[in-house]
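Counting starts at 1 for both ligands and their atoms, following the listed order. Start at 1 with the first residue, then count along the sequence. Below, all heavy atoms of this structure are taken into account, side chains as well, without hydrogens, waters or symmetry copies.
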Amino acid sequence: MTAPRVIPHHIAIVMDGNGRWATRRFLPRVAGHKKGVDALRACVRRCGDLGVGVLTVFAFSSENWNRPAEEVSGLMELLAMALAREVPQLQSEGVRIHFVGDRTRLSEKVRSGLAQAEAQTAANTRLVFNICFNYGGRWDIAQAAAKLAAQGAQITEESLNGAMALAHVPDPDLVIRTGGEMRISNFLLWQAAYSELYFTDKLWPEFDAAALDAAIADYGRRERRFGRTSEQITAPASRKAA
Ligand code: IPE
Ligand code: IPE
Ligand code: MG
C-alpha cells in the first residue's frame, strides 16, 4: 500500500456504526462493538506505520449511558477484555495509552485496567493513543473551568487549554467520523476548532487501512487557512509576515 504524502500529526476518530454493522447481519449490537475492536487494532497499527504522532478515538460518550443496560455492560466488559488482551502488543509497538474521560463512574475493575495500561506503556514514544471513554466535550470544558476556579486561577484560552483532559497533545489536525452521520456528538468541542473534518458512510467495523489512507489523502488536499486568505497561505514566506 503506498502511503499518503501529507500525514496529519494528530488524527481523532468518532468510531460510529458498530450497531448497524451488527444489525445488518442479524447479530447482537455487542458483536458489532467486538468487530470494532478489530478495526481499531488495524487503525492503530496503520497510524504507527505512517508516522502519525497522536491518535484519539471516541469509544464511549457521556451520553452512551442512556443505551440499554445490556449494551452498556457489554461495552464495559469489552473494554476490560480488550485492555487485558491488547496492551502487550501495543506495548511492543511503542504505543503510549492515555485514557481521557470521567473515570469516577467506571467500575473498580475497569479503572484499575485503565491505570495499569497507562503505567505499562508510559515510556513509549512512537504513537500517543488517547482513548476517550465516558468522555464528553462539555464535560471536559466544565472540568477544566472548575479546576481553574478551585485554584483561584484566571480563566483565559491558554489556562483553559492547559487544564483540559487533552492538554498533553496538540489539537487534532483531522477529525474522522464513520457511520454516515454528520455531527460532532459532543466530541472534542474545544480542540476541534480548526480541525479538518472528514465524514464517511463506511461503518466503523469496515474502516480498514485503505479507508484510513483515503481519509488522510483527502486531508492532504485541504488548504488550512486559520482565518487567513488563500493568497497569504500560498505566498512566498517573505511576504507572509505582512
Ligand atoms: C459506535 O457505534 C460505538 C459506540 C457508541 C460505543 P454505535 O453503537 O453508535 O453504532 P450505530 O450508530 O448504532 O450503528
Ligand atoms: C458517538 O456515537 C459516540 C461514540 C462513537 C463513542 P453515537 O452513536 O453515540 O452518537 P449519536 O448519539 O448518534 O450522535
Ligand atoms: Mg452510533
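Between Trp139 and Tyr135, the ring planes are perpendicular. Angles over 60° get that label, and only those under 30° would be called parallel.
Nearest protein heavy-atom contact of atom 10 (O) of ligand 1 is Gly19 N, 2.9 Å. Nearest protein heavy-atom neighbour of atom 1 (C) of ligand 1: Met15 O, 3.0 Å. From the protein, the heavy atom lying nearest to atom 14 (O) of ligand 2 is Ser185 OG, 2.6 Å.
Interface atoms of ligand 1 facing Arg20, defined by a heavy-atom separation under 4.0 Å, are 11 (P), 12 (O), 14 (O). Applying the 4.0 Å criterion to heavy atoms of Val14 picks out, from ligand 2, the atoms 1 (C), 5 (C). Close contacts of ligand 2 with Arg67, meaning ligand atoms under 4.0 Å from a residue heavy atom, involve 7 (P), 8 (O), 9 (O). Distances below 4.0 Å separate heavy atoms of Arg183 from the following atoms of ligand 2: 11 (P), 13 (O), 14 (O). For ligand 1, the atoms lying closer than 4.0 Å to a non-hydrogen atom of His33 are 3 (C), 6 (C), 8 (O). The atoms of ligand 2 that sit less than 4.0 Å from any heavy atom of Phe60 are 6 (C). Near Asp16, the atoms of ligand 2 lying under 4.0 angstrom from a non-hydrogen atom of the residue are 2 (O), 8 (O). Less than 4.0 angstrom separates some heavy atom of Arg177 from each of these atoms of ligand 2: 2 (O), 10 (O), 11 (P), 13 (O), 14 (O).
For the pair Phe60/Leu79, no side-chain contact is recorded, criterion being any heavy-atom separation below 4.5 Å from C-beta on.
Not a single heavy atom of Gly179 sits under 4.0 Å from any atom of ligand 1. Residue contacts with ligand 2 do not include Glu181, since none of its heavy atoms lies under 4.0 Å from the ligand. At least one heavy atom of Ala59 sits under 4.0 Å from some atom of ligand 1.
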Salt bridge (charged side-chain N to carboxylate O under 4.0 Å, His left out) between Arg105 and Asp102, intermediate numbers included: CA-CA 7 Å; Arg105 204 171 156 184; Asp102 182 0; over 6 Å; no
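Distance remark: protein heavy atom not present below 4.0 angstrom from atom 12 (O) of ligand 2.
Checked for salt-bridge contact, Glu93 and Arg46 miss the test: no charged N lies under 4.0 Å from a carboxylate O.
The proximity of Leu203 to ligand 1, defined as any non-hydrogen pair under 4.0 Å, does not occur for either the backbone or the side chain.
Judged by distance alone, with hydrogens and angles left aside, the side-chain atoms of Arg96 form no donor-acceptor pair with the main-chain N or O of Ala123 at under 3.5 Å. Between the Glu86 side chain and the Leu83 main chain, no donor and acceptor come within less than 3.5 Å of each other. Distance alone, capped at 3.5 Å, is enough to place a donor-acceptor pair between the Arg111 side chain and the Leu106 backbone. Asp140 places a side-chain N or O within donor-acceptor distance of the main-chain N or O of Ala165, the cut-off being under 3.5 Å. Under the 3.5 Å distance criterion, the side-chain polar atoms of Asn64 are matched with a main-chain donor or acceptor of Ser61. Of the possible polar contacts, none joining the Lys202 side chain to the Phe207 backbone as a donor-acceptor pair under 3.5 Å is found.
Remark: ligand 1 and Asn18 share an N or O pair separated by less than 3.5 Å (distance only, no angle test). When only interatomic distances are considered, the shortest N/O to N/O separation between Asn64 and ligand 2 falls below 3.5 Å. Here's the thing with Arg29: one of its N/O atoms is less than 3.5 angstrom from an N/O atom of ligand 1. Every N/O-N/O distance between Leu75 and ligand 1 stays at or above 3.5 Å.
Residue Ile176 holds its CD1 atom at 10.5 Å from CG of Leu197, rounded to the nearest 0.5 Å. Note that the CG atom of Leu75 and the CZ atom of Arg67 stand 7.0 Å from one another [nearest 0.5 Å].
Within Asp16, the N/O/S atom positioned nearest the Mg ion (ligand 3) carries the name OD1.
Inspection of the Tyr194 and Arg225 side chains reveals no N or O donor paired with an N or O acceptor under 3.5 Å.
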